[in-house]
Number of protein chains: 2
Amino acid sequence: MSEPAIGLSPLYIQVRDELTRRLAKGRWRPGTSLPSEQGLAREMGVSQGTVRKALDGLAADHILVRKQGRGTFVAEFEESRILFQFFRLWPDSGERMFPTSKVLSRTTEKGSARERAALGLGLLSKIVRVERVRYHGRVPILREILSLPAGLFPGFNEVRQVPNNVYQFYSERWGIRITKTKEKLKAVAADTNDRRALGCAVGDPLLLIERLALDINTRPVEYRRSFCLTTHMHYASDVT
Amino acid sequence: MSEPAIGLSPLYIQVRDELTRRLAKGRWRPGTSLPSEQGLAREMGVSQGTVRKALDGLAADHILVRKQGRGTFVAEFEESRILFQFFRLWPDSGERMFPTSKVLSRTTEKGSARERAALGLGLLSKIVRVERVRYHGRVPILREILSLPAGLFPGFNEVRQVPNNVYQFYSERWGIRITKTKEKLKAVAADTNDRRALGCAVGDPLLLIERLALDINTRPVEYRRSFCLTTHMHYASDVT
DNA sequence: CAGTGGTCTAGACCACGTA
DNA sequence: ACGTGGTCTAGACCACTGT
């Protein structure tokens, strides 16, 4: 790290990548603090400013959280963060809240072509599939199907109950931390499954959110299709 | 700017705000370059690093564009930028392209309650309204209604033709530059207007995108409702 | 070549949180 | 009082662009 290293990426990128590797290996647990900027700078043989730029980048991606006077921490998956960062549905009026869930079914099977394509898996791969309905207060707002590569989540279907906050669950149980999602939205007509789960009529317009969630190594680890009733909710997206 | 200024915001924020004021006043036209970092630093009596941090912030917001070896430029509204920054609809397969438009109607009237609320206008305000259909190649993909505060766009409806790229139009004709948008999405059922414009059936599910566009002073300047056929297109949203 | 933004360093001081 | 991150400065060198 103290060589001139002609032609390589900038130092602060190398530092960021090194920190990312350590985080991916679980060197520091979510909620704990990293060494100070000065400490990391000494250890890596670079200036504090270079470490700072690397840490700022990771904080911008919500992988780290900076707290003035306290230190730099590994981000956790509390409901407030999930609601802020990943959950984009808002009630048209009234209070925002973390949606509750009721699991309808859980299976482990050979994945469909769609699931394999989304998750980048081979023909033989098993998939863990969870179907659930989510509620805003007492009102059902969406039905969703989660698809996970069974190989990454050993023992998933031996777990008694799937918690409501699954990203926290992935992190605490398997050390898999979601850092990015890519979503594709379409309007579709409700089918009989939607009618049963949501109480709408067949043919009613639903917002389909197709989400691929990536871990810290940008590896796809969850594929999710949410069918949302948007009579009293909307999906918010701010562009800057 | 050389005073200690206890209790005020950080220097680089003050510099950013001063640059924003100058940009809002049209001190530099889109496409032209600002003075160099050193020049601005000398003029404002701060260090180059402080100016750099201010410029980096404006570049992150796509208000400025940095070009190594050339300078810092005021962002323009070429189609490629609009497509990249503001247009979130992608074809499910095939090539991406800037959608073409056919204007269906143009009026200037008293705004509806919905429009007034969205744009923050009073009861007496006039609204310019444009309805158009947009195409991906030859395929109609959406019908949309643009609503503008007539007071901000004098002479709008005397213009012969509304160009396809309206954000460029707003910028060149009235100096109003869109920098941010907030969108709310819902799934709705097509009505007879949609059937006529898009050739779908009444009741077909459509993606409604309700967009509020803000200028550099975060003042709302355009309200837009787009009804999109998502049989061969989807809305993309990446979260990080 | 000169001029621009991009990286890197070193050091000072401030604001905040904890003890 | 101390340690943390946040701001600000000054100066060096690199990478890129145009003449």
Side-chain angles (χ1 to χ4, degrees), chain A residues 1-20 22-23 28 30-76, chain B residues 1-20 22-23 28 30-76:
Chain A
M1 198 78 60
S2 49
E3 308 306 313
I6 305 164
L8 287 186
S9 51
L11 246 192
Y12 73 92
I13 299 285
Q14 296 176 45
V15 172
R16 173 165 68 62
D17 291 348
E18 171 59 22
L19 291 170
T20 302
R22 293 186 188 180
L23 286 161
W28 303 289
T32 64
S33 70
L34 273 64
S36 70
E37 296 181 350
Q38 286 288 8
L40 288 169
R42 261 197 314 276
E43 186 214 330
M44 301 195 187
V46 301
S47 78
Q48 182 188 9
T50 301
V51 170
R52 164 177 294 277
K53 202 163 177 184
L55 292 173
D56 283 345
L58 293 167
D61 288 347
H62 304 106
I63 292 170
L64 300 177
V65 178
R66 311 271 248 148
K67 296 184 186 172
Q68 185 172 148
R70 305 231 287 126
T72 302
F73 298 79
V74 182
E76 297 187 88
Chain B
M1 196 80 58
S2 49
E3 306 309 312
I6 305 161
L8 286 185
S9 51
L11 247 191
Y12 74 91
I13 298 286
Q14 296 177 44
V15 171
R16 172 165 69 63
D17 291 348
E18 170 60 19
L19 290 171
T20 302
R22 294 186 187 180
L23 286 162
W28 304 288
T32 64
S33 70
L34 271 64
S36 70
E37 296 179 350
Q38 285 287 7
L40 288 168
R42 261 198 314 278
E43 185 213 332
M44 300 196 188
V46 301
S47 77
Q48 183 188 9
T50 301
V51 170
R52 162 178 296 277
K53 202 162 177 185
L55 292 173
D56 283 346
L58 293 167
D61 289 346
H62 303 105
I63 292 170
L64 300 178
V65 179
R66 311 272 249 147
K67 296 184 186 173
Q68 184 173 152
R70 306 228 288 123
T72 302
F73 298 80
V74 182
E76 298 186 87

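Distance CD (B:Gln14) to C1' (D:dC8): 12 Å, rounded to an integer number of Å.
In this structure a side-chain-to-backbone donor-acceptor pair under 3.5 Å is present from A:Thr20 to A:Arg16. Not a single donor-acceptor pair under 3.5 Å links the side chain of A:Thr50 to the backbone N or O of A:Val46.
In this structure, B:Ser33 does not reach the C:dT4 phosphate: none of its side-chain N or O atoms is under 4.0 Å from OP1 or OP2.
Heavy atoms only, all atoms of each residue included: A:Ala54 and A:Leu19 are closest at CB-CD1, 4.3 Å. Across all their heavy atoms, A:Pro30 and A:Ala75 have their closest contact at CB-O, 3.6 Å.
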(message) At under 4.0 Å between heavy atoms, how does the protein contact nucleotides 1-7 of chain D? Give one character per nucleotide, 5' to 3', with B, S or -.
(response) --BBBBB

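No side-chain heavy atom of B:Tyr12 sits less than 4.5 Å from a side-chain heavy atom of B:Asp17.
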